Structures are given as C-alpha cells and as structure tokens.
Amino acid sequence: MKKLSCEQTEELVVRELDEGLDPGKRTSLEAHLHDCQRCRSFAQEMAETFDRVASAKPLDPDEDFWKRYHSTLDAKLTEARMERDRRIPWGKIAGLVAACLLVAVAALQYSGSIEPERPAQHAQSVVLLETLESALGPVDDMSGMRSATGASEPSELSEEVGIPADALVMWFETEDESDHLFL
Amino acid sequence: MNDEELVKAFRKGDGDAFSELVNRHARGLTMMALRLVDDPEEAKDISQATFLKAFEKLSGFMMASSFKTWLYRIAVNTARDHLRRRKVRPTVELDMEIRGDDCSAQEMLEKRNSNRMVREAVEELPEKQRLTLKLRMYEEMEYREIAKVIGGTEGAARANFFQALKSLRRRLGDGA
C-alpha cells in the first residue's frame, strides 16, 4: 500500500467528501489518518465545513415565483420576436448589393467595355498606318485594295529606311500581331 | 426532439422550438443564477436576460458545445457582469432560508446565523473558486461541465474547489 503525504491526504479528504474514493485510495487515506493527528483534525474540520456549506444552500423559490418568471419572460420574448420581425435586414441587403456590384464589375471587365483607352498605343497605331500608306499606297474604299499609285515597292522602302526587304515584311507582320494582341 | 434538433428547428423558423428550449432549461438555469447571486429577483433577471441573448444569438451558435453548456456559459457571464456592477452585497434571504424548517426558535436562530456566516465567507472567495464551489455543491455539476461553463480545465476546476473549501475551513473555523 502506497504511503500518502499530508498534502496528498488533504486532497483525498476533500475528494472523499465530494465524490467518494475507490476502495484502494480510501484504505490509504484511513491508514494515514490513523497515524497523523494533524490530518485527522483537518479531516474533521473539513467535514464540518462541507456540511455547513451544503446546508447553506438557498431553498428553491415557490410556485408563485415561477408563474411570475414565465409570464414576464413570455412577454419579453414576444417583444423580441416582434422586434426581430420589424427589423430591416441591413446586413443581408448590403451583402446582396455588394455581390451584385461585384458581378456587374466583373462582367464589364470581362467584356472589355470598361477597359481604359490607351492614347499612346492609339498614336502609335496612327503612325504605323501612315507609314503603311506611304509605303504601300492608300486603301481603296470600294475594293479594300491598295492602289498602285504612290505605292512603294518593299525594295524601294528598304532602301529609304535602310533595312532589308525581308526584315521589313517581318516587322509589319510583327506589328500586326502586336496590334491584334493589344487592341 | 433533443436540444440540437430544436435549435435546428428554430433556425428554420419554428418559433415553438425556442419555447420548448425555455421550458426545458428555465428552472435549472434560474436556480444556478440564484446560487450565484443569492437573490431570487436578480436571478430571475439574469435568467431572462440569458434567454433573450440566446434568442438573439442562436442563429450564430456553431454547436461546438451542447446547447445547455452554451446557455449556462451565457448565464455565468451575465451573472459575473451583474456581480461586478453590484456594489452592495445581497442581504441573506432569511424568509427563504428558514421556510419549511421544523425546528425551535433557538435552533432557527443558530441556523440562520450559521448560514449567514457561511454565505459571507463564500462571497469573500476569489471569483473562480466561488463560482466553482456553488456550481459543484449546489448545482451538482460535473467538473468537466464546470470547466466548460466558467472556462479553464477540469483539473483547474478541481483545484478551485479544493482551495475554496480549504479557505472556508480556515475562515469558518476562526469565526466559529
């Protein structure tokens, strides 16, 4: 059997009064109390304290108390229900509006209708078209074909600009792709 | 239906479900509040305020604990706030205390004095010790449940109970 210290004994005394001990621990406790006068006094005083505290428990209120309790609580809950029903659900409304706005903005951005204009890119495109017209001649409005008048052959243009004809064609193609990507 | 099913029914708009929850827990909750504040009218106010808070907050209750634990935790916090605001300690309800007892005038007086001393000594305890002692001795709550309601661990609740009784033994022993 394990010997208990006085500190352990105090804890076991309280536990025995509160919820009871298993037989093994109770035997250890009794053995220690048998040998220790100090802990015996502690156990006796603690048992008296425990009984006094337990008997100071206030009695339950009478039935009149419970009638008053339920009638006033019912009235308060009815008022709370009415208040809740009257209340405008601002939180839900705000959430709904915010969700609608988000969807609308997302839709507009996706369609590209609110994409900001890019002036620098626009100016760049105009310069490119002018260069094209000077190099290949103006576009015929009716046929969509370029007129021969004023058109420069790639070789002539390459001589003016100072780059090979093949590279010039590639440069135009690249610009076309670039325009397609940006616009 | 159990409490959790009633909570779900309330959330779906069944107003009677909350009334059923009130009927189930009103008495126990009010008695616990009475143990904590020692005044029936204050206990009634705390208990009713608890149900009103529960009514407002039930839609946000995550069911991490049982409904009862959640409700009692609201009540304990409401009682704590109430006790902090209260400047004057309650006078002992003598009529309640001696009602129904079949004893002589002398015995009645002695018991009344003893009870007053005990209650005053209990009120002097630190808050957690006082709450733990009352919930354990007067409400017979499990330590696990006490820990959930007032916060902390089961071990801490046991330690608080032990320390509370040791303090009371000393105080009541000195005054006896």
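All values reported here derive from a predicted model rather than from experimental measurement. Numbered from 1 within each chain, the chains take letters A, B, ... in sequence-line order.
- Linking Ile, Leu, Val, Met, Phe, Trp and Tyr residues whenever their side-chain heavy atoms come within less than 4.5 Å leaves A:Met82 and B:Phe18 in two separate clusters.
- Both the backbone and the side chain of A:Asp18 come within less than 4.5 Å of a heavy atom of chain B.
- Remark: the backbone N or O of A:His34 is paired with a side-chain donor or acceptor of A:Arg40 at under 3.5 angstrom.
- Relative ring orientation between B:Phe67 and B:His25 is described as tilted, the plane-to-plane angle lying within the 30° to 60° band.
- Using modelled atom types, one side-chain atom of A:Thr78 and one backbone atom of A:Asp74 make a donor-acceptor pair closer than 3.5 Å.
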Original post:
Between B:Lys44 and B:Glu41, is a salt bridge (Lys or Arg N to Asp or Glu O under 4.0 Å) present by the stated rule, with each step listed?
Top reply: CA-CA 5 Å; B:Lys44 183 179 72 144; B:Glu41 289 306 312; 3.4 Å; yes

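- When the candidates B:Leu165, B:Val22, B:Val122 are compared by the number of heavy-atom contacts under 4.5 Å with chain A, B:Leu165 comes out ahead.
- Within 6.0 Å of the CZ atom in B:Arg144, the count of heavy atoms belonging to other residues, nucleotides or ligands does not exceed 12.
- In this structure, no portion of B:Lys134 lies under 4.5 Å from any heavy atom of chain A.
- One N or O on the side chain of B:Arg130 and one on the backbone of B:Leu125 form a donor-acceptor pair closer than 3.5 Å.
- When heavy atoms are compared at a cutoff of 4.5 Å, B:Arg158 approaches chain A solely by way of its side chain, counted from C-beta outward.
- Neither the backbone nor the side chain of A:Glu48 comes within contact range of chain B, judged by heavy atoms closer than 4.5 Å.
- The aromatic rings of A:Tyr69 and A:Trp66 sit perpendicular, their planes meeting at an angle over 60°, well past the 30° parallel limit.
- Residues of residues 52-60 of chain B lying within less than 4.5 angstrom of chain A, judged on heavy atoms, are B:Leu52, B:Phe55, B:Glu56 in numerical order.
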